[in-house]
Engineer: 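A single structure is presented below for examination.
Residue numbers start from 1 in every chain, and the chains themselves are labelled A, B, ... in the order their sequence lines are given, proteins ahead of strands.
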Amino acid sequence: MTYFRNNNAYIEKDGLFSIEKIFDCGQCFRFERDDNGFSGVAFGRKLRLYDEDDYTVFENVAEDEFNKIWKDYFDLSRDYNGINDMLCRDGTAAKAVEASRGIRILRQDRWETLCSFIISQNNNIPRIKKIIGRLCESLGTDIGGAYTFPSAEVIAKAGAEKLAVIKSGFRANYIADAALKVASGQIDLDAAGKMEYEEAKKYLMTIRGVGPKVADCVLLFGYSFLSAFPKDVWIKRVIDKYYGDSFDEKIFAPYGGIAQQYLFYYERWISSGKRQ
DNA sequence: TCCCAGGCTCTCT
DNA sequence: AGAGAGCATGGG
């Protein structure tokens with residue numbers, strides 16, 4: 001049940017919405033833990049969430065904003081229970097489901113997702129967050145103590161040299177190239193959403209710095225292409241460890257992307273004693 | 001100090 | 001097609 005009171009939105013806890021896991025699973029880099037919850041910016045708006053006994057609270061969110069933005073952002077209409085049950089037919093995935101219950105695949109802004117995962121390559125999550133934070137502070141819009149993610153147009157206008165301050169290293173040229181292609185219309189991110197998965201992936205990979213893994217992350221976290229199965233170092237580790245060379249992500253179809261995210265979270269959770 | 005990080009591009013076979 | 005070096009930066 002969801003209800004609205006005192007200008008807050010309350011969603012009843014059902015074990016399938018964990019703000020901690022959602023924002024700690026590496027799909028999104030703009031939310032941080034605060035006193036008793038998480039806060040960040042998405043789609044140009046500040047959002048703060050925290051848990052009460054039986055409800056998760058969307059602070060200062062009215063009904064129309066909830067329905068217009070956050071319901072889709074948090075993928076609240078999808079039946080994760082049914083998907084989890086299906087994935088549990090695989091033994092390893094079942095363990096990952098157990099650890100990951102409450103993760104939801106966000107529907108993030110496409111440009112922000114593209115740009116963020118270009119930055120993510122050969123990088124670690126704490127540093128990715130810092131670089132994106134500096135990008136928003138230097139080129140985003142101040143919305144009162146927080147900054148929006150800068151548009152492709154703004155970044156394109158700034159150019160690669162202006163990106164030096166975000167210390168993204170060799171990725172600066174890739175960001176600038178992506179911004180130029182998107183701002184000029186050479187790449188139409190909405191058009192990609194109307195394509196089939198394979199076609200959309202090839203389309204995104206025409207951007208410099210976007211290979212198969214980054215493209216899959218963008219398609220999964222920005223487009224909800226749930227068949228996208230990003231293969232990063234962690235997932236390759238998972239495949240080696242639990243499955244072997246014969247692994248084929250089609251065993252999770254059509255929810256490979258969700259399985260991937262669970263496995264990614266699970267493996268990082270297991271090794272969290274040593275490294276984040 | 002060293003190894004590694006939600007990889008990709010370029011070059012050489 | 002596949003292997004390998006190089007890439008900027010900084011977290012651990």
Engineer: What's the CZ-C1' distance between A:Arg237 and B:dC3, to the nearest Å?
Structural biologist: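 My rounded result for the distance is 12 Å.
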Engineer: Rounded to the nearest angstrom, tell me the gap between atom CD1 in A:Ile128 and atom P in C:dT9.
Structural biologist: 16 Å
Engineer: Report which part of the nucleic acid A:Gly26 touches: base, sugar-phosphate, or nothing (heavy-atom distance under 4.0 Å, all strands).
Structural biologist: base
Engineer: Angle class for the A:Phe31/A:Tyr73 ring planes (parallel below 30°, perpendicular above 60°, tilted otherwise)?
Structural biologist: tilted
Engineer: Between the base of B:dA5 and the side chain of A:Asp232, is there a donor-acceptor distance below 3.5 Å?
Structural biologist: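 Looking at the base of B:dA5, it does not pair with any donor or acceptor on the side chain of A:Asp232 (distance under 3.5 Å).
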Engineer: A:Asn124 CG to C:dG12 P: how many Å, rounded?
Structural biologist: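 Going from A:Asn124 (CG) to C:dG12 (P), I get 7 Å.
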Engineer: Roughly how many Å is it from CZ in A:Arg268 to C1' in C:dG11, rounded to a whole number?
Structural biologist: 13 Å
Engineer: I want to check one thing: is the phosphate of C:dG10, taken as OP1 and OP2, less than 4.0 Å away from some side-chain N or O of A:Arg134?
Structural biologist: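 Answer no for this pair, as no side-chain N or O of A:Arg134 is under 4.0 Å from OP1 or OP2.
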Engineer: Taking atom C1' of B:dG7 as reference, at what distance in whole Å does atom CD1 of A:Ile207 sit?
Structural biologist: 15 Å
Engineer: Which residues, if any, of residues 165-182 of chain A bring a heavy atom under 4.0 Å of DNA chain C?
Structural biologist: A:Lys167, A:Gly169, A:Phe170, A:Arg171
Engineer: Determine yes or no for a side-chain-to-main-chain donor-acceptor pair under 3.5 angstrom, with A:Glu137 supplying the side chain and A:Ile166 the backbone.
Structural biologist: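 No, the answer is negative, given that no donor and acceptor are paired below the 3.5 Å cut-off.
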Engineer: Going by ring pair (Phe, Tyr, Trp, His ring centres under 6.0 Å), name the residues that satisfy it together with A:Phe252, two or more places apart in sequence or in a different chain.
Structural biologist: none
Engineer: Toward the 5' end of DNA chain B, which comes first, A:Met205 or A:Pro230, by nearest nucleotide?
Structural biologist: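 Checking each residue's closest nucleotide, the 5'-ward one belongs to A:Pro230.
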Engineer: Please compare A:Val233 and A:Arg208 by the position of their nearest nucleotide in DNA chain B and report the one closer to 5'.
Structural biologist: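 Closer to the 5' end of DNA chain B: A:Val233.
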Engineer: Any salt bridge linking A:Glu52 with A:Lys13? Criterion: basic side-chain nitrogen under 4.0 Å from a carboxylate oxygen.
Structural biologist: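 The answer is no: the pair does not qualify as a salt bridge.
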Engineer: What is the distance, rounded to the nearest whole Å, between atom CG of A:Asn122 and atom P of B:dC10?
Structural biologist: 16 Å
Engineer: For A:Phe221, answer base if it contacts any base atom (sugar-phosphate contacts may also be present), sugar-phosphate if it contacts only those atoms, and nothing otherwise; contact means non-hydrogen atoms under 4.0 Å.
Structural biologist: base
Engineer: Grab the NZ-C1' distance between A:Lys231 and B:dA5 for me, whole Å please.
Structural biologist: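 Between C1' of B:dA5 and NZ of A:Lys231: 20 Å.
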Engineer: Fit a plane to each ring of A:Trp70 and A:Phe74, take the angle between them on a 0 to 90° scale, and name the class: parallel (under 30°), tilted (30 to 60°) or perpendicular (over 60°).
Structural biologist: tilted
Engineer: What nucleic acid atoms does A:Glu267 come within less than 4.0 Å of, heavy atoms only: base, sugar-phosphate, or nothing?
Structural biologist: nothing
Engineer: Whole angstrom is fine here: how far is it from CG in A:Leu163 over to C1' in C:dT9?
Structural biologist: 15 Å
Engineer: Could you tell me whether A:Ile125 contacts a base, only the sugar-phosphate backbone, or nothing, with contacts defined as non-hydrogen atoms closer than 4.0 Å?
Structural biologist: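 Touches sugar-phosphate only.
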Engineer: Using the P atoms only, state how far B:dC10 lies from C:dA8, rounded to an integer number of Å.
Structural biologist: 13 Å
Engineer: Any chance NZ of A:Lys95 has more than 12 other-residue heavy atoms, nucleotides or ligands included, within less than 6.0 Å?
Structural biologist: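 No, the 6.0 Å shell around NZ holds no more than 12 heavy atoms from other groups.
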Engineer: Give the ring-plane orientation class for A:Tyr10 versus A:Tyr55, where under 30° counts as parallel, over 60° as perpendicular and anything between as tilted.
Structural biologist: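 If you compare the ring of A:Tyr10 with that of A:Tyr55, the planes turn out perpendicular.
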Engineer: Scan A:Tyr255, A:Phe247, A:Tyr197 and name whichever one has a ring pair (Phe, Tyr, Trp, His ring centres under 6.0 Å) with A:Phe229.
Structural biologist: A:Phe247
Engineer: Do any of residues 91-120 of chain A sit with a heavy atom less than 4.0 Å from DNA chain C, and if so which?
Structural biologist: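 DNA chain C contact set from residues 91-120 of chain A: none.
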Engineer: Counting just side-chain N and O atoms, does A:Lys130 come under 4.0 Å of either OP1 or OP2 of C:dT9?
Structural biologist: no
Engineer: Have a look at A:Cys28 and say if it touches a base, only the backbone sugar-phosphate, or nothing, with a 4.0 Å heavy-atom cut-off.
Structural biologist: nothing
Engineer: Describe, in one word, how the ring planes of A:Tyr242 and A:Tyr266 are oriented to each other, choosing from parallel (under 30°), tilted (30 to 60°) and perpendicular (over 60°).
Structural biologist: tilted
Engineer: Taking A:Tyr203 for the side chain and A:Asp188 for the main chain, is one N or O donor matched with an acceptor at less than 3.5 Å?
Structural biologist: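 Present.
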